[in-house]
Amino acid sequence: MGAVIVTGGAGGLGTAIVADLRAAGRTVASFDRVSAPGSSVSFQLDVADESAVGARVAEVAERYGGIDALICAAGSVAESPVAEMPLDAWRRVIDASLTGTFVAARAVLPAMISAARGSIVAFSSGYASSGYRNGANYAAAKAGVEALMKSVALENAQYGIRANSVAPGPVDTPMLTPERAAFIGPRIPLGRVGTPADIVGIVRFLIGDESAYITGQTIQVNGGLLMP
């Protein structure tokens with residue numbers, strides 16, 4: 001069994017995913033700007049840096065005998081109305097969520113094609129469908145992630161490679177302020193914001209054999225807040 005690469009593995013949902021996969025006995029390589037102590041191996045890099053990502057992907061594939069899965073959980077938020085949004089804020093969020101996903105997916109595909117197997121799971125958001133007031137950069141990046149995963153799924157199904165998106169609603173991580181959680185929780189049909197535990201099981205499912213007939217899909221995990 002090869003390795004699982006997690007981008008954004010040192011914070012938020014990424015940390016929970018790394019811990020869950022390690023508990024299940026998987027070899028996990030984290031790609032993030034900071035170290036992820038719970039992973040099998042941690043690389044500090046910019047997920048949009050194609051040279052750094054490409055080199056580390058090759059290292060992981062050689063060291064662990066291949067890459068079974070890629071989970072793209074890296075992302076950032078920089079809120080501002082579109083009329084006032086600096087171009088740098090737009091690019092920073094797009095790079096973290098969308099360009100980073102593209103760079104990582106492109107890097108792992110040759111090894112997956114060679115092995116005739118693999119699963120890619122990228123994090124989207126309900127905002128990809130609903131829009132995001134003061135967060136057009138984030139919503140656009142996540143909508144792009146969904147389209148990217150569908151394209152990867154179409155291009156690589158013949159090689160036994162699957163690609164899907166997970167779109168969480170509000171989840172109790174450092175990105176969700178207590179004020180926002182208190183406001184939105186009662187408005188969610190299931191009556192609460194999500195927890196990392198609500199998300200990690202879906203990710204584990206999507207990289208496992210139980211989901212062998214699922215590709216090109218976006219799985220909404222939001223307590224009923226959004227029903228597209």
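Note that the structure is predicted; figures quoted are calculated from it, not measured.
If you take OG on Ser119 and CG on Asn156, they are separated by 12.0 Å, rounding to the nearest 0.5 Å. To the nearest 0.5 Å, the span separating CE on Met112 from CG on Leu70 amounts to 6.0 Å. The CG atom of Asp32 sits 8.0 Å away from the OG1 atom of Thr15 when rounded to the nearest 0.5 Å.
Note: the hydrophobic cluster containing Val18 does not contain Val53 (ILVMFWY, side chain heavy atoms under 4.5 Å, direct or indirect links).
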### Query
Hey, mind stepping through Val200 and Leu13 against side-chain contact (heavy atoms from CB on, under 4.5 Å) and telling me if it holds?
CA-CA 8 Å; Val200 296; Leu13 287 174; 5.9 Å; no
### Task
Show the numbers, then the answer: is there a side-chain contact (heavy atoms from CB on, under 4.5 Å) between Val47 and Arg33?
CA-CA 8 Å; Val47 295; Arg33 289 184 178 274; over 6 Å; no
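Remark: the Ser211 side chain and the Arg162 side chain contain an N/O donor-acceptor pair separated by less than 3.5 Å. Looking only at atom types and distance, the side chain of Arg22 has a donor-acceptor partner in the side chain of Ser40 under 3.5 Å away. A donor and an acceptor atom, one from each side chain of Glu146 and Ser165, are nowhere located under 3.5 Å apart.
By the ring pair (Phe, Tyr, Trp, His ring centres under 6.0 Å) test, Phe43 pairs with Phe31, sequence neighbours left out. Every residue two or more places apart in sequence or in another chain that forms a ring pair (Phe, Tyr, Trp, His ring centres under 6.0 Å) with Tyr132 is listed here: Tyr127, Tyr138.
In this structure, the side chain of Asn222 engages the main chain of Leu226 through a donor-acceptor pair within 3.5 Å.
Few gaps surround CZ on Arg106; more than 12 heavy atoms of other groups in view lie less than 6.0 Å from it.
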